[in-house]
Amino acid sequence: MSDPTRDSLTRDDVAHLASLARIDLSEAELDHLAGELAVILESVATVSSAPIEDVEPMSHPMPLVNVTRPDEVRPSLSPDQALAMAPDAEEQRFSVPRILAED
Amino acid sequence: MSTSTQRTTDAVLDYDDVVAAYDPVMGLEVHVELHTNTKMFCGCPTAFGAEPNTQVCPVCLGLPGALPVVNAVAVESAIRIGLALNCEIASWCRFARKNYFYPDMPKNFQTSQYDEPIAFNGWLDVEVPAESGEGTEVFRVEIERAHMEEDTGKSTHVGGATGRIHGATHSLVDYNRAGIPLIEIVTKPILGAGERAPEVARAYVAGLRDLLKALDVSDVRMEQGSMRCDVNLSLMPKGADRFGTRSETKNVNSLRSVERAVRYEMCRHGAVLQGGGSIVQETRHWHEDTGVTTSGREKSDADDYRYFPEPDLVPVAPPREWVEQLRTTLPEPPAERRKRLQSDWGFSDLEMRDVVNAGLVELIQETVVAGASPAAARKWWSGEIARRANAEGQDVPTYAAVLGVTPRHVVELESLVTSGRLNDSMARQVWEGVLAGEGTPTEVSDARGLELVQDSGALEAAVDEVIAANPDIADKIRDGKVQAVGALIGQVMKTMKGQADASAVRELIIAKLT
């Protein structure tokens, strides 16, 4: 995880994040994005100068807690509906490409 | 990441040598599926063994725009588990996204809790063999945390050897399990177990299982995966205070395997350290058939899960009054309850252990409440029906429920014996009839014509007849060889078709011949 107090992002940081997010970036795209993301971070860093000593951190815009639903079954999709969105299906299951690389 | 399919056999050090030189440190992570009606964040049902992808919806399939809502009963169960484990309950906590790419999680993240678990800082006392070698003693396992999360889907690997992921051409995923509420319970490092570490690990998982069962929050069926254990283990030289590098053995799914996996990893670590090597921090897979672990993957960049607070869910802030109200719903701790029942029932340690291992405690309790003696309850529930249940691969309570055999049947059977209508061997026949679905014990006795002959005239005639037919044996008894009486009793019982009281027959024969 990158250090939120740091206001610049290195090319290596971007390459690492891209690999974690399974985004294939070319060398040229890495150069370009590293610069562009650094600018965005610098802009956002402006908020760190806001006077927030008396403000509680929040993770949700609404001041709500304990929103729950009763433990009651609701209709599921049919397997046909669920699998209609799958690129490929077999035996009523989602078919996905090989998980491990070939030996 | 290693992609080798070859299984190499690791060197192992003799167990006695391991515990002579090293202290084991364990960390146990147990995942338990709650048996709520619906999933953690959506209203899909949670039935085990349903047809693939019949219990899925936009939320648990991670479709764009679908929003999760927390299951109220899952939160309640999590709090009750935390309280039963003597934990503190968070006054405010959040869910977090654990980001990773794997087809079993269609959202590409698992909704879990990160640095704000709902329960933390607890303990569970477990019973282990005493260090002295005699009896048992209590070992306290400290609990680090218990947090809420969701289960993943189930993959089937196609095209490789015997369903293994290695060499597979593709995989098929069923998302019925994805989103089922899970509670992950993590211990603090368990120190000081020494050579009893495997037993401590097993006793902890067994104790946790019993507790969760008593709380009625989960099926806790390890063989069905509703309770799963990961074993973290490291060794440090005796007297050291810095932990060694640990390995994490995943999915150890029976009590016996927990014990075996700890022992195996201790011996494997011992061999590496003794040979001057160092342990690789890695995930290992447990192999039930061969009793060894093999290398999974090394901890790497892929373990950077980039946790962040789940923006689609609001915090959970259980009011203190609710927590205290839930505390009043906690069952008597299983270990204490067992001690109380053993004393009430007058069972020996061995008898109680057998009853507990066979899962008969509840059934015996219900039968005693219904009016049977504890001895009769134990005798009938652990005899023929247990043999049959075992042959069917079921536990006795499940099997009895399927057959429709209830505690009332046992009460009735016992009263037929105590009232003198049946002797023990007849009662066994009646019980077999009950198990065969022929009706209540009284109905079976009537239908099969089983009743002790109370008519002393008929009994005396049968005895006279057998004595007359066996003059040699009768002479022996007259000469004082009383042990020969058994042969005559057998013949009288045969004449009476088993419907006589054997001790009355014995008395009658001896009275006539001496």
Side-chain angles (χ1 to χ4, degrees), chain A residues 1-4 9-10 12-25 37 44 56-103, chain B residues 1 3-5 36-38 42-45 51-58 60-61 63 69-75 92 94 99-103 106 153 155-159 165-175 301-302 304 306-311 313-319:
Chain A
M1 213 175 274
S2 60
D3 179 356
L9 198 66
T10 67
D12 286 346
D13 289 335
V14 177
H16 176 62
L17 287 170
S19 93
L20 287 176
R22 303 288 192 276
I23 299 172
D24 211 1
L25 295 179
L37 286 171
V44 173
E56 285 286 309
M58 61 196 294
S59 60
H60 198 275
M62 302 296 285
L64 292 172
V65 293
N66 300 331
V67 176
T68 58
R69 64 183 166 78
D71 185 27
E72 288 161 12
V73 171
R74 298 179 62 174
S76 295
L77 296 175
S78 71
D80 286 345
Q81 285 174 315
L83 293 163
M85 295 164 276
D88 203 1
E90 199 177 308
E91 296 174 13
Q92 207 168 302
R93 293 167 170 89
F94 291 80
S95 178
V96 300
R98 175 192 294 130
I99 294 170
L100 293 187
E102 269 184 286
D103 290 345
Chain B
M1 185 180 289
T3 53
S4 167
T5 53
T36 47
N37 299 321
T38 66
C42 64
C44 286
E51 288 295 305
N53 294 305
T54 52
Q55 302 181 155
V56 295
C57 75
C60 54
L61 287 176
L63 301 188
V69 188
V70 172
N71 182 334
V73 173
V75 176
W92 190 91
R94 289 177 297 188
N99 297 281
Y100 68 91
F101 289 90
Y102 203 80
S155 308
T156 313
H157 307 295
V158 184
I165 189 169
H166 289 287
T169 54
H170 59 295
S171 299
L172 303 178
V173 196
D174 166 16
Y175 290 115
D301 279 357
D304 182 348
R306 293 158 296 143
Y307 280 98
F308 62 85
E310 167 58 80
L313 293 167
V314 300
V316 175

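Labels below follow one simple rule: chain letters A, B, ... track the order of the sequence lines, proteins then strands, and each chain is numbered from 1. What you see is a predicted model, and the numbers here were worked out from it, not measured in a lab.
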Query raised in the report: Hey, what do you get for CG (N71(B)) to CD (E72(A)), rounding to the nearest 0.5 Å?
Result: 10.0 Å

Requested in this report: Answer yes or no: is there a donor N or O on one side and an acceptor on the other, between the side chain of D71(A) and the main chain of N37(B), under 3.5 Å?
Outcome: yes

Query raised in the report: chain A: which of C60(B), P45(B), S155(B), G159(B) shares the most heavy-atom pairs with it under 4.5 Å?
Result: P45(B)

Report task. With a 4.5 Å cut-off on heavy-atom pairs, point out which of S95(A), S76(A), A82(A) contacts chain B the most. Result -> S76(A)

Query raised in the report: Atom OG1 in T68(A), atom CG in L313(B): separation rounded to 0.5 Å?
Result: 11.5 Å

Query - Flag if over 12 foreign heavy atoms under 6.0 Å of CD, E51(B) - result: no

Query - Interchain contact, E90(A) with chain B, by part (heavy-atom threshold 4.5 Å) - result: both

Report task. Would you indicate whether the side-chain heavy atoms of T38(B) and R69(A) approach each other to under 4.5 Å? Result -> yes

Query - Top of C42(B), C57(B), C44(B) for chain A proximity - count of heavy-atom pairs under 4.5 angstrom - result: C42(B)

Query raised in the report: With only heavy atoms counted, which part of P106(B) is less than 4.5 Å from chain A, the side chain, the backbone, both or neither?
Result: neither

Requested in this report: Let me know if P315(B) has heavy atoms under 4.5 Å from chain A in its side chain, its backbone, both or neither.
Outcome: both

Query - Selection from V75(B), T54(B), L63(B), V158(B) maximising heavy-atom pairs under 4.5 Å formed with chain A - result: T54(B)

Requested in this report: Report yes or no: does D174(B) contribute a side-chain atom to a donor-acceptor pair with the main-chain N or O of R93(A) at less than 3.5 Å?
Outcome: no

Query raised in the report: Counting only N and O atoms by type, is there a donor-acceptor contact under 3.5 Å from the side chain of N66(A) to the main-chain atoms of A317(B)?
Result: yes

Query raised in the report: With a 4.5 Å heavy-atom cut-off, do H170(B) and D88(A) have their side chains touching?
Result: no

Report task. Check each atom of M85(A) against the heavy atoms of chain B and say whether the ones under 4.5 Å are side chain, backbone, both or neither. Result -> side chain

Report task. Indicate yes or no: at least one non-hydrogen side-chain atom of V56(B) is less than 4.5 angstrom from one of F94(A). Result -> no

Query raised in the report: Heavy-atom distance under 4.5 Å to chain B: side chain of P79(A), backbone, both or neither?
Result: both

Query raised in the report: Atom CG of L17(A) and atom CG of D304(B): how far apart are they, to the nearest 0.5 Å?
Result: 8.0 Å

